[in-house]
Undergrad: 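Please find one structure pasted underneath; my questions will follow.
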Amino acid sequence: MGEFVRVEVSDQIATIRLDRPKMNALNGQVQREIAECARAVDADQDVHAVVLYGGERVFAAGADIKEMADMSYADMAAHSKILQDCFTAVTRIGKPVIAAITGYALGGGCELALCADFRVAGEGAKLGQPEIQLGIIPGAGGTQRLPRLIGPARAKDLIFSGRHITAAEALSIGLVDKVVPDVEVYEAALTWAATFVGGPTVALRAAKQAVDQGLEVDLDTGLEVERLQFSGLFATDDAKIGMRAFAEKSKPKFTGR
């Protein structure tokens, strides 16, 4: 539990809640607390799914510009590694992660949302990578995760222009997966997360790792990653439970082992 970021767990769903008024600016302390919370929920075997949430008004408006303004190259060379490592901790949560986006998800806020597996946005949400308007570029994964998600041309459009896009446009280009009324964002994310509760957590972790690691390598290597993950699951109790339940036409009761 940090000063600005906390974990709330209910019904085996963990919410990583950003709470740094007014705009959830992602200063160094918030970044470190996000990483700590990400590692905590990853290690908690009672957590089956995770929601990233910034509250009813805003997801995260971006990095703390005041904190960065006076940094030198040497300062940022050191800080940027910490920044990327913090966000990478979110991508390495071995459970389904859903970003619940209200208000602004800009700059670092958009990059944080990119670390989730899925994104639910409110109708009034605005997303974008406006760093170019400050004379810099995204530094927390925006130039890498964004093109992998929506393709290089669309990513370049957002990064080169720095423009903010609506939730509707974000849905049309695949930046978000679902758009709901603003007041329903968090509940929609929880409802989605609930579909993973009680599931085969070991297999879900393996599936996430296979997809994510496979995107970084050539097809042959990716297929080998998949083969090893697939084969390894036959050593789990959950695989036996699932196949037995299928044969008996009953609902499996997975144990996470």
Undergrad: Roughly how far apart are Thr15 OG1 and Ile98 CD1, rounded to 0.5 Å?
TA: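 Reported value, rounded in 0.5 Å steps: 10.0 Å.
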Undergrad: Taking a hydrophobic cluster as the set of Ile, Leu, Val, Met, Phe, Trp and Tyr residues connected by side-chain heavy atoms closer than 4.5 Å, whether directly or through intermediates, do Val9 and Ile93 fall within one such cluster?
TA: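 Hydrophobic grouping puts Val9 with Ile93.
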Undergrad: Under 3.5 Å, is there a donor-acceptor pair between the side chain of Gln31 and the main chain of Leu26?
TA: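 Flag set: sc Gln31 to bb Leu26 pair under 3.5 Å.
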Undergrad: Strictly below 4.0 Å, N to O, side chains only: are Arg92 and Asp42 in salt-bridge contact?
TA: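 Asp42 and Arg92: not salt-bridged.
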Undergrad: Atom CZ of residue position Arg257 - does it have more than 12 heavy atoms of other residues, nucleotides or ligands inside 6.0 Å?
TA: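 No.
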Undergrad: List the steps and the verdict of side chain to side chain contact (heavy atoms under 4.5 Å, CB included) for Gln213 and Glu216.
TA: CA-CA 5 Å; Gln213 292 173 10; Glu216 308 304 321; 5.8 Å; no
Undergrad: Quick check against the 3.5 Å criterion: does Asp238 have a side-chain atom that pairs as donor or acceptor with the backbone of Thr255?
TA: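 Confirmed, Asp238 side chain pairs with Thr255 backbone.
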Undergrad: For Phe234, enumerate each residue passing the ring pair (Phe, Tyr, Trp, His ring centres under 6.0 Å) test, keeping only those at least two apart in sequence or located in another chain.
TA: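 Applying ring pair (Phe, Tyr, Trp, His ring centres under 6.0 Å) to Phe234 gives Phe230.
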Undergrad: Please check if Val7 and Ile34 belong to a single hydrophobic cluster, counting links between Ile, Leu, Val, Met, Phe, Trp and Tyr side chain heavy atoms closer than 4.5 Å.
TA: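 In one cluster with Val7: Ile34, yes.
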Undergrad: Are any side-chain N or O atoms of Glu33 and backbone N or O atoms of Phe4, one a donor and one an acceptor, separated by less than 3.5 Å?
TA: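 Yes.
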Undergrad: Might you point out which heavy atoms bring Ala116 and Ala99 nearest each other, and give the distance in Å?
TA: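 Smallest heavy-atom distance, with atoms named: CB-N, 3.7 Å.
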Undergrad: To the closest 0.5 Å, what do you measure between CG (Leu158) and CD1 (Ile150)?
TA: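 It comes to 5.0 Å.
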Undergrad: Are the side chain of Glu111 and the backbone of Gly142 linked by a donor-acceptor contact shorter than 3.5 Å?
TA: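 Yes.
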Undergrad: Apply salt bridge (charged side-chain N to carboxylate O under 4.0 Å, His left out) to residues Arg154 and Glu169 and explain how you reach the verdict.
TA: CA-CA 11 Å; Arg154 285 171 170 165; Glu169 183 176 355; over 6 Å; no
Undergrad: Mind checking whether Ile173 and Asp157 have side chains closer than 4.5 Å, heavy atoms only?
TA: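 Answer no - side chains too far apart.
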Undergrad: Indicate whether the side chain of Thr88 and that of Asp85 have a donor and an acceptor atom separated by less than 3.5 Å.
TA: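 Side chains of Thr88 and Asp85: no pair found under 3.5 Å.
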Undergrad: Just one of Glu67, Arg20, Glu3 clears the side-chain hydrogen bond (donor to acceptor under 3.5 Å, both in side chains) bar with Gln29, so which one?
TA: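 Checked Glu67, Arg20, Glu3 against Gln29; only one passes side-chain hydrogen bond (donor to acceptor under 3.5 Å, both in side chains): Glu3.
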Undergrad: Just so I know, are the side chains of Val97 and Lys208 near enough to count as touching, which here means a heavy-atom distance under 4.5 Å?
TA: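 Yes; the side chains approach each other to less than 4.5 Å.
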Undergrad: To the closest 0.5 Å, what do you measure between OG1 (Thr236) and CD1 (Ile241)?
TA: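 Interatomic distance, Thr236 OG1 to Ile241 CD1, rounded to 0.5 Å: 8.0 Å.
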Undergrad: For residues Val41 and Val5: do they belong to one hydrophobic cluster (side chain heavy atoms under 4.5 Å, members Ile, Leu, Val, Met, Phe, Trp, Tyr)?
TA: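 Yes, Val41 connects to Val5 through the hydrophobic network.
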Undergrad: Working note: Val202 + Leu233, criterion side chain to side chain contact (heavy atoms under 4.5 Å, CB included); need CA distance, chi angles, decisive distance, verdict.
TA: CA-CA 8 Å; Val202 179; Leu233 291 170; 3.8 Å; yes
Undergrad: Under 3.5 Å, is there a donor-acceptor pair between the Gln209 and Arg205 side chains?
TA: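 Gln209 vs Arg205: no donor-acceptor pair found between side chains.
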Undergrad: Is the CD atom of Glu248 crowded by more than 12 outside heavy atoms at less than 6.0 Å?
TA: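 Count over threshold, so yes.
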Undergrad: Please check if the side chain of Ser231 supplies one atom and the backbone of Leu228 the other of a donor-acceptor pair under 3.5 Å.
TA: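 Judged by distance alone, no pair lies under 3.5 Å.
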Undergrad: Taking atom NZ as the centre, does Lys156 end up with more than 12 heavy-atom neighbours from other residues, nucleotides or ligands that are less than 6.0 angstrom away?
TA: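 No.
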Undergrad: Closer than 3.5 angstrom, by distance alone: can the side chain of Gln129 be matched with the main-chain N or O of Pro138 as a donor-acceptor pair?
TA: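 No, because the side chain of Gln129 does not come within donor-acceptor range (under 3.5 Å) of the backbone of Pro138.
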Undergrad: Please round to the nearest 0.5 Å and tell me the distance separating atom SG of Cys86 and atom CZ of Arg32.
TA: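 Cys86 SG to Arg32 CZ: 7.5 Å, rounded to 0.5 Å.
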Undergrad: Give, for atom OG1 of Thr102 and atom CD of Glu56, the distance between the pair rounded to the nearest 0.5 Å.
TA: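 Between atom OG1 of Thr102 and atom CD of Glu56 there are 8.0 Å.
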Undergrad: I'd like to know if the side chain of Asn24 reaches the main chain of Gly54, judged simply by a donor and an acceptor atom lying under 3.5 Å from each other, with no hydrogens or angles considered.
TA: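 Indeed, once roles are kept as given, a pair shorter than 3.5 Å links the two residues.
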Undergrad: Under 4.5 Å between side-chain heavy atoms, counting indirect links through other Ile/Leu/Val/Met/Phe/Trp/Tyr residues: same cluster for Leu134 and Leu106 or not?
TA: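 Different hydrophobic clusters.
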Undergrad: Looking at Arg119 and Lys178, would you say the former's side chain and the latter's main chain have a donor-acceptor pair under 3.5 Å?
TA: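 No, the answer is negative, given that no donor and acceptor are paired below the 3.5 Å cut-off.
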Undergrad: Between Asp117 and Lys95, does any side-chain N to carboxylate O distance fall below 4.0 Å?
TA: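 Between Lys95 and Asp117 there is no salt bridge, as every charged N stays at least 4.0 Å from the carboxylate O atoms.
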Undergrad: Quick one: list whatever passes side-chain contact (heavy atoms from CB on, under 4.5 Å) with Ala100, sequence neighbours left out.
TA: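 Partners of Ala100 under the side-chain contact (heavy atoms from CB on, under 4.5 Å) test: Val51, Tyr53, Val185, Ala189.
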Undergrad: Evaluate the side chain to side chain contact (heavy atoms under 4.5 Å, CB included) criterion for residues Asp11 and Val197: first the C-alpha distance (whole Å), next the side-chain angles of each, then the deciding distance (0.1 Å), finally the verdict.
TA: CA-CA 8 Å; Asp11 298 324; Val197 172; 6.0 Å; no
Undergrad: Backbone N or O of Gly128 within a donor-acceptor pair of the His164 side chain at under 3.5 Å?
TA: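 A pair under 3.5 Å: no.
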Undergrad: Mind checking the CG-CD1 spacing from Asp46 to Ile13? Nearest 0.5 Å is all I need.
TA: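 Reported value, rounded in 0.5 Å steps: 13.0 Å.
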Undergrad: So with a 6.0 Å cut-off around CZ of Phe87, is the heavy-atom count from everything else above 12?
TA: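 Above 12, so yes.
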Undergrad: Do Val58 and Ile16 belong to the same hydrophobic cluster, where Ile, Leu, Val, Met, Phe, Trp and Tyr are linked whenever their side-chain heavy atoms lie under 4.5 Å apart, directly or via other members?
TA: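 Shared cluster, no.
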Undergrad: Please check: side-chain N/O of Arg227 versus main-chain N/O of Leu223, any donor-acceptor pairing under 3.5 Å?
TA: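 Flag not set: sc Arg227 to bb Leu223 has no pair under 3.5 Å.
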Undergrad: Just checking Asp218: does its CG atom have more than 12 heavy atoms from other residues, nucleotides or ligands closer to it than 6.0 angstrom?
TA: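 Enclosed: over 12 neighbouring heavy atoms sit under 6.0 Å from CG of Asp218.
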